[in-house]
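Pasting a structure below so you can have a look.
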There are 2 protein chains.
Amino acid sequence: MATGEKSQHSVATAFGNALRAVRGRVGLTQEALALEADFDRTYISLLERGQRQPTLQTIFELAAHLGVSPEELISLTRSYLPVNGSTG
Amino acid sequence: MATGEKSQHSVATAFGNALRAVRGRVGLTQEALALEADFDRTYISLLERGQRQPTLQTIFELAAHLGVSPEELISLTRSYLPVNGSTG
DNA sequence: TAGGTTCGCAGACTATAGTCCGTAGATCAA
DNA sequence: TTGATCTACGGACTATAGTCTGCGAACCTA
């Protein structure tokens with residue numbers, strides 16, 4: 001997308017919150033999730049802190065290994081968005 | 001994720017199908033969608049042909065400008081997946 | 001103290017998302 | 001034909017997703 005548009009990365013932040021919440025619920029450590037879903041340990045950390053934007057494939061992988069549907073992950077992400085229903 | 005795991009990029013392909021379907025339903029050209037959602041014209045083409053993997057932010061942007069929820073876009077994407085309910 | 005576990009974080013890297021510019025094929029209307 | 005519209009597609013680029021290594025803080029237990 002064009003340069004300098006988004007406030008920051010509120011979508012990434014919201015996703016991070018959602019990911020952390022689900023991971024906690026399931027009872028996995030960042031490292032355990034990373035191992036299972038075949039990601040780097042630090043990448044899960046980056047995601048949860050909203051410092052990385054997952055791709056579609058990544059979303060599907062994470063959701064699968066957390067035992068939730070991608071839609072659920074997205075829906076939870078939206079619930080964490082400052083302005084609900086939009087991009088943020 | 002680790003190297004050489006996924007069959008190809010069936011998730012991207014499925015998303016491309018979903019995107020094209022919704023865009024057609026809404027009656028937008030690739031270029032019109034690109035302009036509205038602030039993406040490059042050719043990028044929409046790449047997405048629809050499954051040659052690019054959208055990020056979370058991109059998914060939210062596209063959904064918003066197509067008048068559907070991100071969950072709907074994901075759900076439709078899953079319906080296009082070869083093996084439904086998994087990563088593919 | 002000491003050792004295990006979980007996580008934050010930084011720097012440097014490779015892979016890929018997303019842009020920009022141009023060309024060409026297909027379709028439709030005049 | 002010509003011209004307009006829509007899309008596929010190429011190369012080359014910049015921005016960022018995702019990896020790897022390693023250190024340190026916080027917390028627990030002994």
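In the text below, chain A, chain B and the rest are named by the order of the sequence lines, each starting its count at 1. As the structure is a prediction and not an experimental result, all values here were calculated from the model.
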When hydrophobic residues are tied together by side-chain contacts of less than 4.5 Å, even through go-betweens, does A:Val26 share a cluster with A:Leu33?
yes
Notebook entry, point to check: A:Asp40 has an atom CG; how far is it from atom P of C:dT16, in whole Å?
Noted result: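 Roughly 16 Å, once rounded to whole Å.
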Grab the CD-P distance between B:Gln51 and D:dC9 for me, whole Å please.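 Answer to the nearest Å: 7 Å.
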Check whether any side-chain nitrogen or oxygen of B:Arg20 sits under 4.0 Å from OP1 or OP2 of D:dA8, and answer yes or no.
yes
Here the gap from B:Ile74 atom CD1 to B:Ile59 atom CD1, rounded to the nearest 0.5 Å, amounts to 4.5 Å
- Taking atom P of D:dT19 as reference, at what distance in whole Å does atom CZ of A:Phe39 sit?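 Taking atom P of D:dT19 as the reference, CZ of A:Phe39 is at 6 Å.
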Taking atom C1' of D:dG11 as reference, at what distance in whole Å does atom CG of B:Leu46 sit?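 Checked: the CG to C1' distance equals 12 Å.
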Margin query: When you measure from the side-chain N and O atoms of A:Arg23 to the phosphate of C:dC7, is any distance below 4.0 Å, counting only OP1 and OP2?
Written below: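 Yes, because at least one side-chain N or O of A:Arg23 sits under 4.0 Å from OP1 or OP2 of C:dC7.
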Whole-Å distance, B:Arg52 CZ to C:dT19 C1', equals 10 Å
Check against side-chain hydrogen bond (donor to acceptor under 3.5 Å, both in side chains), A:Thr58 and A:Thr55: CA-CA 5 Å; A:Thr58 296; A:Thr55 61; 3.2 Å; yes
Rounded to whole Å, CD of B:Glu61 lies from P of C:dA17 at a distance of 17 Å
Between CD of A:Gln57 and P of D:dT19 the distance, given in whole Å, is 12 Å
Below 4.0 Å: OP1/OP2 of D:dA17 and any side-chain N or O of A:Thr55:
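The answer is no; no side-chain N or O of A:Thr55 sits under 4.0 Å from OP1 or OP2.
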- request: Report the C-alpha distance between B:Leu62 and B:Ile44 in whole Å, list the side-chain angles of each, state the deciding distance to 0.1 Å, and finish with yes or no for side-chain contact (heavy atoms from CB on, under 4.5 Å).
  value: CA-CA 10 Å; B:Leu62 290 175; B:Ile44 305 295; 4.1 Å; yes
Q.
Suppose we call a contact any N or O donor and acceptor under 3.5 Å apart; does that hold for the side chain of A:Arg41 and the base of D:dG22?
A. yes
The correct set of residues in residues 24-32 of chain B placing a heavy atom under 4.0 Å from DNA chain C is none
Residue pairs passing the side chain to side chain donor-acceptor pair (under 3.5 Å) test with at least one member in residues 28-37 of chain B, sequence neighbours excluded, are B:Gln30-B:Glu48
Q. Whole-Å distance between D:dT16 C1' and B:Gln53 CD?
A.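 Interatomic distance, CD of B:Gln53 to C1' of D:dT16: 14 Å.
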Interatomic distance, CG@A:Leu47 vs OG1@A:Thr13, rounded to 0.5 Å, equals 11.5 Å
Inset, instruction - Verify, without hydrogens or angle tests, whether B:Arg23 (side chain) and B:Leu19 (backbone) share a donor-acceptor contact under 3.5 angstrom. - result: no
